[in-house]
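Take a look at the structure set out below.
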Amino acid sequence: MRIGYPCINRSIGCSANRTFRLANYSEKRLFETVAGNLDCLFRILRENVRNGFFFHRISSDLVPFASHPVCIHSWQHEFAADFTAIGKFIRAHGIRISMHPDQFTLLNSPRVEVVERSVAELAYHAEALDLMGLDEDARIQIHVGGAYGDKAAAVERFVERFHLLDHAVRRRLAVENDDRLFTFADCCRVFERVGIPVIFDNLHHAVNSSGEDLPSVFRRLSQLWPTRCGVPMTDYSDQAAEAKPGVHAEHLDAESFAGYLRATVGHDFDIMLEIKDKEKSAAVALAIARREAAARLVGASEMFCRNHVLRSLTAENCPGVGCKAKNSDYS
DNA sequence: TCTGGTCAAGGTGGT
DNA sequence: ACCACCTTGACCAGA
């Protein structure tokens, strides 16, 4: 199990998702911005490793306007060495990477222009991950899309468009259950049609599902991720108190998170914490996960420890000497 | 220097 | 047909 937070680190003092207004677009502006974003991304990743966060979502703004017609400049060539270096670091430390194009990326829109823009946006994401030399466990996560008054037909259009995508995109795609239209069960149907893994989002599931409990969701989930794609990716958030259902909490709810881990014991998966205070809650979550894992590992063999606990957890719990000695740290 | 209106992109649902 | 809302950060024009 690896734990991480999306895109932005609030304490490190740099931003890896800086952008600018389209009206101010220039090659100079683009290259300066991308250079800064890549530099900051590398800093964030190093800081994450230091803190035990081995799952990270890279911002879609890494290269602003990358899929826009205005972008005729070869950022790929200009920054090839930077992408390579970051990718090498990612692989060396076993960091799991995801990217999440935003709501405008819609494969199943009835409008041809919308689909064309979406395909270009997906191609950009795949290209960024390819330049880093990452394999298929680095995923591009999107939603199924709009319903357009007929969910079944909307899924059919998704399937149809999926088959037209380049291999570079198809091999990295994953669909996530959303909070309004397409449930986890709907995403599983997409999996059955095109074989792309499903990213489970607990808060969306709480707001929009047919009520499957966590154990049944995770039993299914484990069937949706072939080895080459890595362990299942999940998004975790708590509901913000006194806000509309589906709104992300400002801080992690320690008790809820511990309960979530207990309800999913026995499954290996990575957790992206979509909590507003980012790395702060990720640190709390990591401490909770280590505590829970340690509690489970008391009396367990070193072999069990080595084989069954996620990397974030093993980094300190299982330094290769056996886990019992370290359990006192968490009791 | 500060601030709030606005920013590439779409869809849904209420009126 | 039209408009507010979704959800978020940060850009940047104007004060």
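In the text below, chain A, chain B and the rest are named by the order of the sequence lines, each starting its count at 1. These numbers come from a predicted model, not from an experiment.
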Item to check | d(NZ, A/Lys244; C1', B/dG13) in whole Å | outcome: 12 Å
Checklist outcome for this item: For C/dC3, the nucleotide meeting Watson-Crick or G-U wobble distances (both under 3.5 Å) is B/dG13
Next on the checklist: Side-chain N or O of A/Arg18 versus OP1/OP2 of C/dC11: is the shortest distance under 4.0 Å?
Outcome noted: yes
Checklist entry - Which is true for A/Tyr148 with a 4.0 Å heavy-atom rule: it touches a base, it touches only sugar-phosphate, or it touches nothing? => result sugar-phosphate
Checklist entry - Would one find a side-chain N or O of A/Arg21 under 4.0 angstrom from OP1 or OP2 of C/dA13? => result no
Item to check | P atoms of B/dG11 and C/dA10, separation to the nearest Å | outcome: 27 Å
Item to check | Nucleotide C/dT7, atom P - distance to CG of A/Asp102 in whole Å | outcome: 14 Å
Item to check | A/Arg57/A/Glu176 salt bridge by N-O under 4.0 Å criterion | outcome: no
Checklist entry - Between atom CG in A/Asp61 and atom C1' in C/dG9, what is the gap in whole Å? => result 9 Å
Item to check | No-H, no-angle donor-acceptor pair, A/Arg180 side chain to B/dT12 base, under 3.5 Å | outcome: no
Checklist entry - Hey, is A/Glu32 close enough to A/Lys28 for a salt bridge, meaning N to O under 4.0 Å? => result yes
Item to check | Interatomic distance where CG belongs to A/Asp179 and P belongs to B/dG13 [whole Å] | outcome: 11 Å
Next on the checklist: Can you classify the ring geometry of A/Phe89 versus A/His93 as parallel (below 30°), tilted (30 to 60°) or perpendicular (above 60°)?
Outcome noted: tilted
Next on the checklist: Regarding A/Lys151 and A/Asp186, does a basic nitrogen lie under 4.0 Å from an acidic carboxylate oxygen?
Outcome noted: yes
Checklist entry - Which listed nucleotide (C/dC11, B/dG11, B/dA8) is nearest to the side chain of A/Leu22? => result B/dA8
Checklist entry - Rounded to the Å, how far apart are A/Glu274 CD and C/dG9 P? => result 12 Å
Checklist entry - P atom, B/dT12 versus C/dG9: distance in rounded Å? => result 25 Å
Next on the checklist: Please give the distance between the C1' atoms of B/dA8 and C/dG14 as a whole number of Å.
Outcome noted: 24 Å
Next on the checklist: For a quick check of understanding: with a heavy-atom distance under 4.0 Å over all strands, which category does A/Thr19 fall into, base, sugar-phosphate or nothing?
Outcome noted: sugar-phosphate
Item to check | Contact nearer the 5' end of DNA chain C, comparing A/Gly246 with A/Phe20 | outcome: A/Gly246
Item to check | Whole angstrom value for the distance that separates P of B/dA8 from CZ of A/Arg29 | outcome: 12 Å
Checklist entry - With sugar-phosphate meaning primed atoms plus P, OP1 and OP2, does A/Ser109 contact a base, only sugar-phosphate, or nothing at under 4.0 Å between heavy atoms? => result sugar-phosphate
Checklist entry - When rounded to the nearest Å, what value does the distance between P atoms of B/dT6 and C/dA4 take? => result 12 Å
Checklist entry - A/Asp178 has an atom CG; how far is it from atom C1' of C/dC6, in whole Å? => result 12 Å
Next on the checklist: Tell me whether A/Arg91 is salt-bridged to A/Asp135, with the criterion being a basic N under 4.0 Å from an acidic carboxylate O.
Outcome noted: no
Checklist outcome for this item: Side-chain atoms of A/Phe65 come closest, of C/dT8, B/dA8, B/dG11, to B/dA8
Next on the checklist: With a 4.0 Å cutoff (strictly under), does any side-chain N or O of A/Asn24 reach OP1 or OP2 of C/dC12?
Outcome noted: yes
Next on the checklist: Suppose we define a pair by two distances each less than 3.5 Å, Watson-Crick or G-U wobble; what does C/dG9 pair with here?
Outcome noted: B/dC7
Checklist entry - Between C/dT8 atom C1' and A/Lys278 atom NZ, what is the distance in whole Å? => result 9 Å
Next on the checklist: Between B/dG14 and C/dT7, how many Å separate the two P atoms, rounded to a whole number?
Outcome noted: 15 Å
Next on the checklist: Taking A/Glu156 first and then A/Arg193, would you say they form a salt bridge - that is, a charged N and a carboxylate O separated by under 4.0 Å?
Outcome noted: yes
